[in-house]
There are 2 protein chains.
Amino acid sequence: MRQLAAEVGVQAAALYRYFPTKEDLLFTLMREHMEGLLEAWNAARPAAVDPEARLAAYVENHIAFHIERRHATHVSNMELRSLSHERLTQILKMRTTYEKELRAILRDGAEEGRFEIDDVGLTAMALIQMMTGVIVWFRPGERLSIAEVTATYLSMTMRLVGAKIGAYGAARPREKDAVAL
Amino acid sequence: MRQLAAEVGVQAAALYRYFPTKEDLLFTLMREHMEGLLEAWNAARPAAVDPEARLAAYVENHIAFHIERRHATHVSNMELRSLSHERLTQILKMRTTYEKELRAILRDGAEEGRFEIDDVGLTAMALIQMMTGVIVWFRPGERLSIAEVTATYLSMTMRLVGAKIGAYGAARPREKDAVAL
DNA sequence: GAATTAATTGAACGTTCGTTTTATTAATAC
DNA sequence: GTATTAATAAAACGAACGTTCAATTAATTC
């Protein structure tokens, strides 16, 4: 708390005007992170019904959102153990809601015969881990731009789910975040 | 340290006969984890030269190793920040060594035209994040066995790298750990 | 501009933590 | 069986932590 306060240029005690406890501060960060993710997806969710377009939108939104919030994401992923049982449940519930969206896309794609998927649940987890993992090694301004990373991850995703058309995979740079809220 | 000691049935002070500091204890855990991983891969590394077989061996070894050591892996991934700069560098060097093995496989496969890969470095990171991510949600004795999970991940991997033959992906349950040292 | 309210500080409290010290028990050597 | 060494326990130390409290400053109201 002292460190945090110093970074804001204030005394530790001042933080307690805004958050009753350290855990409240953490929880607020995490809740807002998840709310933001769900809102971003609702805004980016395409009207399209074909699974390829929906999956592409999901991947692009997920990667853009997390890269732009690398530090918040890192905290959200690392400090789950510091939450009370009740609050942990709340956060996990939001996560499940978000993951369900992906599973729905994968299921639809599989049922329509456009995707080739062994296990929808497993594939969803694998994809999310893969995509979120970007924040571990990505540093802005290094070898690859966000657009390049996103394009590569999109093409990997499409192959992973066995999408028939490669059109979505080829270098199709993401249009400059115009969509996200 | 007190908690740790209690779990071993000993007083906290007794631990200091074996490790001079808490960080030494952590570092030893991490170092042995990485050494074990490299040894396991060296033992499992196939004589084969075809990229598909090598990649399959890499995936199977990686998943088996990490699932069997879920807790050590979790600590190793979460507590990197608690290491001194020097020791962090040491661990990261071992990681790089291990990842290079995967990149070599991917590069060879791409050069031989058997894999379809946009970016070898990115693909290696994506695969490792995806595979290691298993420990986040996998609980032994639940819906899927280790063999089933491994088989599914293998098939996802093969598709992700654009391997031409699907033979490696289909349900090919891993033979009961006979190989690992 | 005095009175009141809000925001911030600086110091302190109580706990927990990693670690050290001293005493005690267990094991080994002669 | 005594002497010596090693392993453990019990207690304490000092620092860091989350948090509280009294005092002070800043902002707002009339």
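Basis for what follows: all heavy atoms, side chains included, without hydrogens, waters or symmetry-related copies. Keep in mind that this is a model prediction, so the values were computed, not measured. Lettering follows sequence order; numbering is per chain, from 1.
Under a 3.5 Å cut-off, the side chain of B:R69 and the backbone N or O of B:F65 do form a donor-acceptor pair.
When rounded to the nearest whole Å, the span between OH of B:Y16 and P of D:dC13 equals 17 Å. In this structure, CE of B:M1 is placed 13 Å from C1' of C:dT20, rounded to the nearest angstrom. Atom CZ in B:F19 sits about 16 Å away from atom C1' in C:dT19, given to the nearest Å. Rounded to whole Å, the distance from NZ on B:K22 to C1' on C:dT16 is 11 Å. Between the C1' atom of C:dT19 and the CG atom of B:D24 lies a distance of 13 Å, rounded to the nearest Å. Distance A:Q3 CD to D:dG18 C1': 14 Å, rounded to the nearest Å.
Ring-plane geometry between A:Y58 and A:Y98 is classed as parallel, the angle between the planes falling under 30 degrees on a 0 to 90 degree scale with a further cut at 60.
Counting only residues at least two apart or on different chains, the side-chain hydrogen bond (donor to acceptor under 3.5 Å, both in side chains) pairs with a member in residues 8-22 of chain B are B:T21-B:D24.
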> Once each nucleotide of nucleotides 5-12 of chain D is scored for protein heavy atoms under 4.0 Å, what B/S/- sequence comes out, 5' to 3'?
Replying inline: ---BSB-B

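Using a cut-off of 4.0 Å between Lys/Arg side-chain N and Asp/Glu carboxylate O, A:E99 and A:R95 are scored as not salt-bridged. Taking a cutoff of 4.0 Å between a charged side-chain nitrogen and a carboxylate oxygen, A:E79 and A:R87 do not qualify as a salt bridge.
The six-membered or imidazole ring of B:H33 lies away from that of B:H74, with a centre-to-centre distance of 6.0 Å or more.
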